[in-house]
Amino acid sequence: MQLYQQQQIKIHNSLTGKKEIFKPINEGHIGMYVCGPTVYSNVHLGNVRTFMSFDMIFRYLKHLGYKVRYVRNITDAGHLENDADTGEDKITKKARLEQIEPMEVVQRYTVDFHNILNTFNFLPPSIEPTATGHIIEQIELIKTIIDNGFAYEVNGSVYFDVHKFNKSHEYGKLSKRKLDDLIHNTRALDGQSDKKNPQDFALWKKAEPQHIMRWPSPWSDGFPGWHLECTAMSTKYLGEQFDIHGGGMDLKFPHHECEIAQNEAAIGKSPVNYWMHANMLELNGQRMSKTTGNTVNPDELLSGNNKFFSKAYAPSVIRFFIAQSSYRSVLDLTDEGLLASEKGFFRLMDAINLLETLKASDKSTIDIQAWKKACYDAMNDDFNSPILIAHLFDAAKYINQVKEGQASVTSEDLKVLAETINTFTFDILGLENVTKKESGTDKLSGAVDLLIKLRQEARANKDFALSDKIRDELAEVGIQLKDGKEGTTFSVN
RNA sequence: GGCGUCAUGGCCGAGUGGCUAGGCAAAGGUCUGCAAAACCUUGUACAGCGGUUCGAAUCCGCUUGACGCCUCCA
């Protein structure tokens, strides 16, 4: 019996705008695709937030016993800079700017991306395919769409015929747009386009002579269009229809809309059962933007080397901060917010670290099974991590109460409590117990225990000058002493 | 201009047609040699204006404001 057979998940489906009971296509198996980064610059913090949300979702689904194939692509083929035919590939542009090979740019920023995600304790996806590794699949997909009559070739480029598609299908159903509205609101393009209609989008672009990234195709030496790679790779690894497709809110239109259109045009089926969109991350109440300077890189946030934040924050603190809001809400990144989360985070860690010191009684003063169920209920409700965290704090309070002798727990319940809180905090939220030192722990705690003992003696002798000196100077090097009923413990900040 | 999302206490941030979210901050108390930590107690919030309802902050309409997409962007 797997856990998922006892838990019923609800997911907010962008397609319907409602929370729906989640039912995978194949029982016990889940296919999940998330649009990955374009590796032409350092990974964006907002990007990290989105992937972190899906990392948590991936972790929870796995915890429930599902066999999850999680595919997150790397876009390394570059997207067009604009609609015009003179549009330059983003990656090519950067390469020229920096006088290096396109694939060198891709390599550098792919490594950066992985480094950042590792720092944040991400689980790797099951498959991380690259767009350049799937050119053949994309060409085959274009052929099929042309054969089905939904694309046309002009001067070596191939475009998706949105108007024709819309006659038999519903273009815009994900983003709730009507083609008529789009027609009336499309700006006039500068220069000439080969497209029949401005709403059409490229499946294949003929490469200009100076364009370095290019592949042969039946139509021209060129490169695939913006939206094609995700369709090709999701179909290849997850099948024509799969369970969950995620990404940032800003990808809803046109990117995801076009993915649906490509799938329906090629295969005749809508590819995804549950579309999930993570909301935006703001910095001090405003969208992050390189042009206005209102932006901070993940490594700058982690190092504290930036002008927005008063200090460096541990990766788990940032993770905790993000988990304290719902993935569907706009989240405002501020120094105050991070400071508040940091305090809460360490309070939670301190409580968890007290678990092994708790003494069991013959009676529990809370209903541990009800608490455990509440944790699952929170995550089952569209992965509501803020509610889960509220329950974790309830447990922290309970742990402290038991420690203080104001509450009690049976050894059986203590086991359930410890197991559950560890599972949700570390396995599912992906937090790391940073107050526990990995190496040198024994030596450090041996030394601090000695100081604690000396301080005890000083206090017994009423030599408070000495005892306070030990306490205060330890605090200065980041070691906080905590006097409790059972003696003194310490934590390292 | 079009489409969409959202407006919650000092701050952050959930949720809900009638019953405590939670965190941070604040105040009082317990403990302590004094502190810190921990625990206990306290705050009665839901943009404005109408409407539906026995009852709405929660549903509907309008107004105002913020944000996203419509052009690469998670």
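Because the structure is predicted, anything quoted here is derived from the model rather than measured. By convention in this document, chain letters (A, B, ...) are assigned in the order of the sequence lines, proteins followed by strands, and residues within each chain are numbered from 1.
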Candidates B:rG33, B:rA74, B:rG13 - which lies nearest the side chain of A:His44: B:rA74
Short side-chain to backbone donor-acceptor contact, A:Ser408 and A:Lys363, under 3.5 Å: yes
Per A:Asp250 side chain, nearest of listed nucleotides B:rC39, B:rC72, B:rC69: B:rC69
Integer-rounded Å distance: B:rG2 P and A:Gln199 CD: 18 Å
Selected nucleotide, minimal atom distance to A:Asp394 side chain, candidates B:rC73, B:rC39, B:rG22: B:rG22
Test of ring centre spacing under 6.0 Å for A:Phe201 and A:His227: yes
Proximity of A:Phe160 and A:Phe165 rings by center, below 6.0 Å: yes
Sugar-phosphate only, base, or nothing, as touched by A:Glu342 at under 4.0 Å among non-hydrogen atoms: nothing
Flag for A:Lys403-A:Tyr398: side-chain donor and acceptor within less than 3.5 Å: no
Phosphate OP1/OP2 of B:rA14 contacted by A:Asn384 side-chain N/O (<4.0 Å): no
Between B:rU53 and B:rU58 - P atom distance, rounded Å: 16 Å
A:Phe122 six-ring face occupied by A:Arg319 cation (under 6.0 Å, within 45°): yes
Ion pair A:Lys453/A:Asp449, N-O distance below 4.0 Å: no
Sugar-phosphate, base or nothing in reach of A:Arg49, heavy atoms under 4.0 Å: nothing
Derivation and outcome, salt bridge (charged side-chain N to carboxylate O under 4.0 Å, His left out), residues A:Asp381 and A:Lys19: CA-CA 8 Å; A:Asp381 184 12; A:Lys19 272 186 204 170; 2.9 Å; yes
Same-atom distance (C1') from B:rG50 to B:rG13, integer angstrom: 30 Å
Base of B:rA36 paired with side chain of A:Arg471 (donor-acceptor, under 3.5 Å): no
Nucleotide forming a Watson-Crick or wobble pair with B:rA45, both distances under 3.5 Å: none
Strand partner of B:rC39, provided both Watson-Crick or wobble distances fall under 3.5 Å: B:rG29
Sugar-phosphate, base or nothing in reach of A:Lys252, heavy atoms under 4.0 Å: nothing
Check ion pair A:Arg347-A:Asp350 (N to O, under 4.0 angstrom): no
Reported CZ-to-CZ distance for the pair A:Phe54 and A:Arg59, which is rounded to 0.5 angstrom: 15.0 Å
Gap between atoms CE and C1', on A:Met280 and B:rG68 respectively (whole Å): 7 Å
Closest-nucleotide ordering on RNA chain B, the 5'-leading residue of A:Phe253 and A:Lys19: A:Lys19
Donor-acceptor pair between A:Thr295 and A:Asn297 side chains, under 3.5 angstrom: no
A:Asn284 CG - B:rC12 P separation (whole Å): 11 Å
Separation of atom CG in A:Asp468 from atom P in B:rA35, rounded to whole Å: 11 Å
Per A:Lys176 side chain, nearest of listed nucleotides B:rG22, B:rG4, B:rA36: B:rG4
RNA chain B contacts made by residues 309-327 of chain A, counting heavy atoms under 4.0 Å: A:Gln324, A:Ser325, A:Ser326
Nucleotide opposite B:rG65 in a Watson-Crick or G-U pair, distances under 3.5 Å: B:rC6
A:Phe464-B:rG33 aromatic stacking (under 5.5 Å, under 30°): yes
Inter-nucleotide C1' distance (B:rC67, B:rG55), Å rounded: 33 Å
Any N/O donor-acceptor pair, A:Arg177 side-chain to B:rC70 base, under 3.5 Å: no
Verdict with supporting geometry, A:Ser329 and A:Asn279, side chain to side chain donor-acceptor pair (under 3.5 Å): CA-CA 5 Å; A:Ser329 297; A:Asn279 217 140; over 6 Å; no
Residue-phosphate contact under 4.0 Å: A:Ser329 side-chain N/O, B:rA14 OP1/OP2: yes
Whole-angstrom distance between B:rA57 and B:rG51, as gauged at atom C1': 16 Å
Aromatic contact, A:Trp226 with A:His255 (centres under 6.0 Å): no
Comparing A:Ile387 and A:Gln406 on RNA chain B - which has the more 5′ nearest nucleotide: A:Ile387
Test item: A:Thr334 side-chain N/O and A:Gly337 main-chain N/O as donor-acceptor pair under 3.5 Å: yes
A:Phe393 CZ - B:rC24 C1' separation (whole Å): 9 Å
Touch class at under 4.0 angstrom, heavy-atom based, for A:Asp332 against every strand present: sugar-phosphate
Sugar-phosphate only, base, or nothing, as touched by A:Leu348 at under 4.0 Å among non-hydrogen atoms: nothing
Rounded distance (Å) that lies between atom C1' of B:rC34 and atom NZ of A:Lys482: 19 Å
Check: A:Thr130 main-chain N/O paired with A:Asn73 side-chain donor or acceptor under 3.5 Å: no
Nucleotide nearest A:Leu281 (side chain, heavy atoms from C-beta), chosen from B:rA74, B:rG23, B:rC40: B:rA74
Separation of atom CG in A:Leu333 from atom P in B:rC67, rounded to whole Å: 17 Å
B:rA14: pairing nucleotide in any strand, Watson-Crick or G-U under 3.5 angstrom: none
For nucleotides 25-32 of chain B, list the nitrogen or oxygen atoms of the protein found under 3.5 Å from its nitrogen or oxygen atoms, one pair per line.
{"residue": "B:rA25", "atom": "OP1", "partner": "A:Lys343", "partner atom": "NZ", "Å": "2.4"}

Sugar-phosphate, base or nothing in reach of A:Gly46, heavy atoms under 4.0 Å: base
Any N/O donor-acceptor pair, A:Asn279 side-chain to B:rG68 base, under 3.5 Å: no
Charged tip of A:Arg72 within 45° of A:Phe51 ring normal and under 6.0 Å: yes
Side chain of A:Arg455 - closest among B:rA74, B:rA35, B:rG4: B:rA35
Phosphate OP1/OP2 of B:rA74: any A:Arg328 side-chain N/O under 4.0 Å: no
Any donor-acceptor N/O pair, A:Tyr171 side chain to A:Glu257 backbone, under 3.5 Å: no
So which protein N/O to nucleotides 8-10 of chain B N/O distances come out below 3.5 Å?
none

Touch class at under 4.0 angstrom, heavy-atom based, for A:Lys397 against every strand present: sugar-phosphate
Sugar-phosphate only, base, or nothing, as touched by A:Ser467 at under 4.0 Å among non-hydrogen atoms: base
For B:rU20, the Watson-Crick or wobble counterpart (both distances under 3.5 Å): none
Gap between atoms CD1 and C1', on A:Ile389 and B:rG15 respectively (whole Å): 15 Å
